[in-house]
Amino acid sequence: MADITVAADETAATRLVARGQSMLGTQSTSGSGSFGPFTASYSESASISGGTVDLIAPDIIRIANCALNYSLGFTFSIDLNQILPSFCLPQVCVNIPFIGRVCTPRICISWPTISVPVSHSGTILFTSDFTLNFRLSGSDWIVEIIIVGVPSLQLGPVAVAILAAIGLALAAALLVVPFIGLFLAAAVLTITGLIGIAGLTGFLGPILTPFVSGLTFEIYRQPRLFVVIPAAPPDAAVDIVIDSLKASVVSSDEDELVLEADISP
Amino acid sequence: MDTLDSRSLRYTDCFVQKFSGPDTAYYWITGPVGKLISVEREQAFVIRVKAGAKSKAEGQQHNVTVKYDGRNFVADPPELEISHGDFVLWNTPDSSTPGFVVIGEGEKVSFDSSALTAEAVYTHAFGLPGEYQWVDANRGSVRGIVQVIAPESARTEDLKGQQKRLLEALKKPVVILVRDDTATPTEVKAMVGQTIVWAVERSSGLAVTDARLVKETCMPAPNEAVLA
């Protein structure tokens, strides 16, 4: 039988998980990826928060509706010559009394390459099982939960929202392209159609999934050596050493997260 | 960027100069700042104006295409032989050609696309809608406003039809006549892509320029020295 036993119900376990999520903080990364025919450089940051904790014996902590809060910014370039039709201003002729009949040449428009910056923030909810792990790290005992497998992130709604953001950013970027007026609406439709939901989902998966893959929260930390203060003099303080620590989920009247420790002396 | 500036001609601009008497004119094509530096005649392009009876109404147009080889501007053809009363149009078809100026002189004629004086034309096709206030960057008092209106963005299924109708509309120029310090009319409306023609009968040296550029730049007037 353990020398010390501590138990936390699901409510207390939820608080422990929340603390662990907060300690993880915001993670950031950057890189490049492709969606449809376009390549984008991106930077993103994400944090984890919330969720409902369900304790499942012998060692599973299930967090339902955990939130992946992300902020994503990316820029992609488009050579408009590959999207827009060739367009030439027609020859213009005018009779000028003191000169004669002047005719300008046909002027063919060269479409530029534009850069489109897009930013989008949002939240993706996911549910996943975490398994308990306990270890000695330096002079501390650590109890942590580690995600089991790679949760499936529902990226469809996110892709829809980002495609809308791309459409708005595109329209703004195209507005300053000379002579585009007639082609503006068609250009936005064509480009967002080329990207598509599938293209965006393929782009988002590899850049968002790493935030949840291998996710680990520290939910409890205890120094191996701790001092017990005497109740009253002349008793002296006593150094207690936690020789071993074990964490598990126990189902009895209710499900509880149980920590058992063996101490000396 | 859509720039209205006859001091720096781009691919949506044209410069026209009439040659009313027999002469041999040597001219240079340079960047807007390069006009301040003297160039040897051996490096100049040539227009030989033949004598002969020709009324003003019979003038023939000759086209010179301006190109840029990475270091210098090149006129194609480099030499022209024309009759008096004819006129020459300079233009570049390449959007990557930097802004340029055409400056020339002969025994009886001098011309400068950044200072239009007599029987000269500057044209510009606007690419973006808006209200453009134009002034004379060479400190003349002539000025005006061009209201540029965007065409309605076409539905994808009607793109070709609307493009065809737009092209027909773009064939019609809008003309502003300049004589001395007067521009007629002072306010015009045009569609994006439509060509505005400044026809200068007589002027002290007009540089048609977007008023916003004149406030931001400090280009000297034609006769001002660059260095004290």
Side-chain angles (χ1 to χ4, degrees), chain A residues 77-115 163 167-196, chain B residues 1-2 11-14 16-18 20 56-61 63 65 85-87 89 91 93-96 118-121 123 125-129 149-156 159-160 162-163 166-168 170-175 177 179 191-195 197 199-202:
Chain A
S77 296
I78 306 173
D79 178 359
L80 290 177
N81 288 302
Q82 297 180 4
I83 304 292
L84 297 173
S86 61
F87 179 64
C88 298
L89 303 179
Q91 181 183 59
V92 171
C93 291
V94 58
N95 289 314
I96 297 175
F98 45 85
I99 292 184
R101 182 171 172 78
V102 175
C103 292
T104 64
R106 201 161 155 258
I107 298 173
C108 291
I109 305 303
S110 177
W111 302 114
T113 295
I114 60 169
S115 284
L163 199 59
L168 287 174
L170 252 179
L174 289 172
L175 262 180
V176 295
V177 174
F179 305 103
I180 198 165
L182 182 66
F183 308 105
L184 183 60
V188 174
L189 265 175
T190 301
I191 294 167
T192 51
L194 281 172
I195 296 171
Chain B
M1 186 181 159
D2 192 1
Y11 83 117
T12 53
D13 302 323
C14 293
V16 177
Q17 180 65 56
K18 181 175 179 179
S20 294
K56 280 186 181 179
E58 295 173 4
Q60 187 182 341
Q61 177 171 324
N63 293 327
T65 300
D86 289 352
F87 48 95
L89 180 147
N91 163 263
D94 189 346
S95 61
S96 65
E119 298 179 317
V121 172
T123 76
F126 285 87
L128 292 171
I149 302 157
E152 189 182 316
S153 187
R155 297 181 302 279
T156 313
L159 193 58
K160 281 191 177 164
Q162 198 154 344
Q163 185 177 352
L166 175 66
L167 287 174
E168 282 305 310
L170 296 186
K171 285 179 184 171
K172 299 168 194 162
V174 175
V175 182
L177 290 173
R179 178 195 272 194
M191 213 181 317
V192 167
Q194 204 165 359
T195 297
V197 177
V200 179
E201 184 176 359
R202 191 171 64 222

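In this text, all values refer to a predicted model and were calculated from it rather than measured experimentally. The basis for the numbers below is simple: all heavy atoms, side chains too, and nothing from hydrogens, waters or symmetry mates. Chain letters run A, B, ... following the sequence lines, proteins first and then strands; every chain starts at 1.
A:Gln91 is linked by a side chain to side chain donor-acceptor pair (under 3.5 Å) to nothing, counting only residues two or more places apart in sequence or in another chain.
Counting all heavy atoms, side chain and backbone alike, A:Val177 lies closest to B:Leu128 at O-CD2, 3.6 Å. Across all their heavy atoms, B:Pro173 and A:Val94 have their closest contact at CG-CB, 3.8 Å. Here the closest heavy-atom approach between residue A:Ile107 and residue B:Thr12 is recorded as CD1-CA, 3.9 Å. When all heavy atoms are compared, the tightest approach of B:Leu89 to A:Pro105 is CD2-CD, 4.0 Å. Scanning both residues, A:Phe179 and B:Phe126, for their nearest heavy atoms gives CE2-O, 3.3 Å. Residues B:Ala120 and A:Ile99 approach most closely at N-CD1, 3.9 Å, considering heavy atoms.
The contact between B:Leu166 and chain A is made entirely by side chain atoms (from C-beta outward), counting heavy-atom distances below 4.5 Å. Residue B:Ala125 touches chain A through both its backbone and its side chain, counting heavy-atom pairs closer than 4.5 Å. Contact of A:Cys88 with chain B is made through the backbone alone, with heavy-atom distances under 4.5 Å. Heavy-atom distances place the backbone of B:Val200, and not its side chain, under 4.5 Å from chain A. Interface residue A:Leu175: only backbone heavy atoms are found under 4.5 Å from chain B.
Put simply, OG1 on A:Thr104 and CG on B:Asp13 are 11.0 Å apart, with the number rounded to the nearest 0.5 Å. Atom-to-atom distance recorded for B:Thr195:OG1 and A:Leu89:CG is 6.5 Å, nearest 0.5 angstrom.
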Does the pair A:Ile96 and B:Phe87 meet the rule for a side-chain contact (heavy atoms from CB on, under 4.5 Å), with working shown? CA-CA 12 Å; A:Ile96 297 175; B:Phe87 48 95; over 6 Å; no
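Checking side-chain atoms of B:Gln61 against main-chain N and O of A:Cys103 turns up a donor-acceptor pair under 3.5 Å. Under the 3.5 Å distance criterion, the side-chain polar atoms of B:Lys18 are matched with a main-chain donor or acceptor of A:Phe98.
Annotation: maximal heavy-atom pairing with chain A below 4.5 Å, among B:Ala199, B:Ser96, B:Ala118, B:Ser95, occurs at B:Ala199.
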